[in-house]
Colleague: 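For reference, the structure I am asking about is given below.
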Amino acid sequence: MEGTHIMSDAAVPAVPPTPPVPLAALLAREDLGLRQIAGPTGSGTVIHGAHTSELSDPHPYLLGGELLLTAGVHIPEPAAGADARGATAGAPTPEAAGSGAYFDAYVSRIVAAGGAALGFGLAPVHDTVPRALVAACDTHGLPLVEVPPRTTFSGVARAVWQLMARARHAELRRVTEAQQSLAAAASRPDPVRAVLRQLARRIEGRAVLYGPEGTELAAFGRVPEGARPATSDRAPEETVAQALAALAAVVHPVAARGAGNCATSHNAPAAAPSQQPPELSPRTLTPTSATDTVDGTHLTAHALGSPPRFALAVATPHRDPGTHTITSVAAVLLSLLTGEQQSGTGAARVSALVRLLLGAAPQDVAPLLDGAEAWLVVHARPTDDVPSPDPLMAGALGAALGSALVDAHGDVVRVLVPVGREVTAQPGWTCGVSAPAGPEAWPSADAQAARALARARATRTALVRHGSRTALADLVPAEEATAHARTLLAPLTGSPALVETLRTWLSLHGSWDRTAVALAVHRNTVRQRVGRCAALLGADLDDPDVRMELWFAVRQE
C-alpha cells in the first residue's frame with residue numbers, strides 16, 4: 001500500500017485533461033512509418049504531447065510525458081583528445097559528443113525530466129541512429145523511435161494531437177454513457193444495487209457500499225486483473241477487500257473509530273491498541289473522499305450524505321479523470337438513494353418512537369413526524385420479477401415517496417406519507433394507498449392500504465387508492481352499521497380467512513382467478529371458501545341484492 005491520500009474538491013479540475021495517447025497507437029500509424037528500436041516494448045508507455053528540441057539538454061523545457069523529437073543537430077563531431085572537464089549540472093558536454101558518455105548524459109536528463117519517449121529523425125543530419133544513443137536508451141529504459149526521412153516532425157505532432165482528440169472524444173462518450181446508465185439504474189426497482197452493479201461494470205472493477213457502522217451492505221464486480229501479486233500470504237482479492245474497508249473508514253467517522261491507521265501497509269501486522277488513532281470527536285474534520293493504491297489496484301472512497309451515514313469504495317485498474325467522474329456521479333446518486341433528508345428530523349422520529357414505547361398516544365407524537373396532521377398509509381410489494389424487499393429497497397422506495405417512515409416486513413413495505421406529498425406509481429412496485437387519516441385512525445388506514453394493495457395485485461394495476469367519496473353506507477350511523485354487520489356475519493365468526501376471502505371475492509366482482517391472485521392461494525381454494533361462506537350464511541351469493549348487503553357488512557369489519 002503506497003499511502004492514503006485525502007482529496008479535496010478544490011484539487012479536482014473542473015474539466016478533465018486530455019487523455020494521453022499510447023505509444024503503441026502512434027507506432028501503429030502506417031502513414032508515419034515509425035519504428036521503435038530501443039527501450040522497453042509493451043510497457044504501456046503513454047504520451048501527453050510532442051515537443052521538438054535540438055538542445056543538448058532539453059531538461060528545463062520538458063513538462064513530463066512528452067515524445068521528444070530531435071534530428072541530432074545538437075550532436076557535434078567528437079573533439080580529439082578532449083575530456084569531460086567542465087561539465088555542469090549533469091548536462092552532456094561538447095567534448096564528449098558522439099561518445100557513450102554524451103548520450104548517456106543526454107538520455108538520463110530526458111528521463112529525469114519525465115520524458116516519455118525519444119524520436120530520432122533520419123536526415124538531413126544523420127543517416128542512421130547512433131549506436132551509442134540506442135545503447136543509452138536501453139540502459140535508461142527510454143523508448144527510442146526511429147522517424148523515417150519522409151515523415152516530418154510536424155506530421156508526428158499532428159498525429160499525436162489527432163489521437164489525443166480521439167481519446168478525448170472516446171472518454172467523453174464513455175463518461176456520458178456511464179452517466180446515462182447510472183441514472184437509468186437509479187430508477188429501477190432496486191436502485192441502490194442497480195447503481196452499484198452498473199458502476200462496477202463501467203469502471204471495470206469492484207464497487208462496495210458500507211453501512212453506518214462500517215459493515216459491507218452490497219458489493220459488485222471483481223478486483224481488477226493485472227494487479228501485482230500480494231506481498232503476503234493473502235490472496236489479492238482479500239488484500240484489496242480489506243484495503244477498501246479501511247479506506248472507507250477514513251471517510252466514515254463512525255466506522256473510523258478503532259479501524260486503525262489506514263495509511264500503513266495492509267500487509268503489515270495489526271497495530272497494538274496503544275498505536276491506534278484516537279477516537280474521532282464530533283469536531284473532527286472528516287474528509288469526504290480518499291484514495292490509495294494497493295497491489296497495483298487503485299482505490300477510492302467517497303462519503304455519502306452529510307454527515308456521512310454510508311460510504312462508497314471502489315477498486316479500479318486505472319486512476320483517470322473519466323473514472324473519477326463516473327464514480328463521483330454514482331456517489332451523488334447513492335447519497336440521494338440512501339440518505340435521509342437532512343433537516344434534523346431523524347432525532348425527532350427517534351423521540352416519537354421512544355414516546356410511543358413509553359405509552360404516549362399516536363396523536364401526541366404525530367407532530368414530531370414532519371409536522372403533518374393527516375397521513376397516507378402506503379402498502380407496496382415488488383413486482384414478481386424482483387426479490388422480497390430488504391432495507392435498501394425499502395429505503396429507496398421511501399425516498400421516492402418523500403418519506404423516511406418506512407417499515408419492511410416480509411414481502412410488504414409500509415410507508416407513512418404526510419398528506420400533501422403526491423403518491424404516484426413507482427417502477428417495479430405494486431402499491432395500495434389509504435385514505436387520509438389522522439394518527440388515531442392509522443390502524444384503519446393500514447387496513448385500507450392492505451386492501452387496496454390486494455386489489456392492485458389482483459387487477460395488475462400499479463397503484464390503487466382506497467375510495468374516499470361519500471357512499472350510501474355513510475348515511476347509516478356507524479354504531480348501527482357495525483352491529484348489523486356483526487349480526488349478518490356471525491356465522492363466519494372465528495374464521496378470518498373466510499371473511500377476507502369473501503371480502504376480496506366481492507370486491508373483484510366474483511372473479512375466481514383475480515381473487516386467487518390477490519390472496520396468493522389456488523383458485524380451487526377460493527371456490528371452496530366462498531362455497532363454505534354461502535353454506536354458513538345460508539345465502540345465495542348469485543343474488544346481487546345478497547352480494548350488496550354482504551359487501552356493506554364486510555366493509556364495516
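Computed from a predicted model, the values in this text were never measured in an experiment.
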Colleague: Do Leu182 and Ile326 have side-chain heavy atoms sitting under 4.5 Å apart?
Modeller: yes
Colleague: Would you name the heavy atoms of Ala185 and Gln198 that are closest together and state the gap between them?
Modeller: CB-CB, 4.3 Å
Colleague: Is there side-chain contact between Glu500 and Val554, with at least one heavy-atom pair below 4.5 Å?
Modeller: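 No, their side chains stay 4.5 Å or more apart.
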Colleague: Quick check for you: to the nearest 0.5 Å, what is the distance between Gln426 atom CD and Ser187 atom OG?
Modeller: 10.5 Å
Colleague: Is the closest side-chain heavy-atom distance between Arg532 and Leu498 below 4.5 Å?
Modeller: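 Touching, per the 4.5 Å side-chain cut-off.
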Colleague: Taking atom CH2 of Trp505 and atom CG of Leu541, what is their separation to the nearest 0.5 Å?
Modeller: 5.0 Å
Colleague: Between Thr323 and Arg174, do the side chains contain an N or O donor and an N or O acceptor separated by less than 3.5 Å?
Modeller: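 Yes, because at least one side-chain N or O of Thr323 sits under 3.5 Å from a partner of the opposite role on Arg174.
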Colleague: I'd like to check Arg455 versus Leu508 (side-chain heavy atoms, cut-off strictly below 4.5 Å). Are they in contact?
Modeller: yes
Colleague: Working to the nearest 0.5 Å, report the span between CG of Leu304 and CG of Leu334.
Modeller: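 These two atoms lie 6.0 Å from each other.
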Colleague: Looking at CG of Leu196 and CZ of Arg201, how far apart are the two atoms once the value is rounded to the nearest 0.5 Å?
Modeller: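 Leu196 CG to Arg201 CZ: 15.0 Å, rounded to 0.5 Å.
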Colleague: Can you find a heavy atom in the side chain of Leu550 that is under 4.5 Å from one in the side chain of Leu489?
Modeller: yes
Colleague: Quick check for you: to the nearest 0.5 Å, what is the distance between Arg193 atom CZ and Leu337 atom CG?
Modeller: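 Atom-to-atom, Arg193:CZ and Leu337:CG are 12.5 Å apart.
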Colleague: Other residues, nucleotides and ligands only: do more than 12 of their heavy atoms fall within 6.0 Å of CZ on Arg547?
Modeller: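 Atom CZ in Arg547 is packed in, count exceeds 12.
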Colleague: At what distance, to the nearest 0.5 angstrom, does CZ of Arg514 lie from OG1 of Thr504?
Modeller: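 Reported value, rounded in 0.5 Å steps: 12.0 Å.
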Colleague: Heavy atoms, side chains only, cut-off 4.5 Å: are Val377 and Leu416 in contact?
Modeller: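 With C-beta onward as the side chain, the pair touches.
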Colleague: Mind checking whether Trp375 and Trp442 have parallel, tilted or perpendicular rings, split at 30° and 60°?
Modeller: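 Perpendicular, since the angle between the ring planes exceeds 60°.
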Colleague: Do Arg451 and Ser507 get their side chains close enough for a donor-acceptor pair, meaning under 3.5 Å?
Modeller: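 No donor-acceptor contact under 3.5 Å links the two side chains.
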Colleague: Using side-chain contact (heavy atoms from CB on, under 4.5 Å) as the criterion, point out the one residue from Val195, Thr300, Leu199 that pairs with Leu312.
Modeller: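 Of Val195, Thr300, Leu199, side-chain contact (heavy atoms from CB on, under 4.5 Å) with Leu312 is met by Leu199 alone.
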Colleague: Are the side chains of Val546 and Leu537 in touch, meaning some heavy atoms are under 4.5 Å apart?
Modeller: no
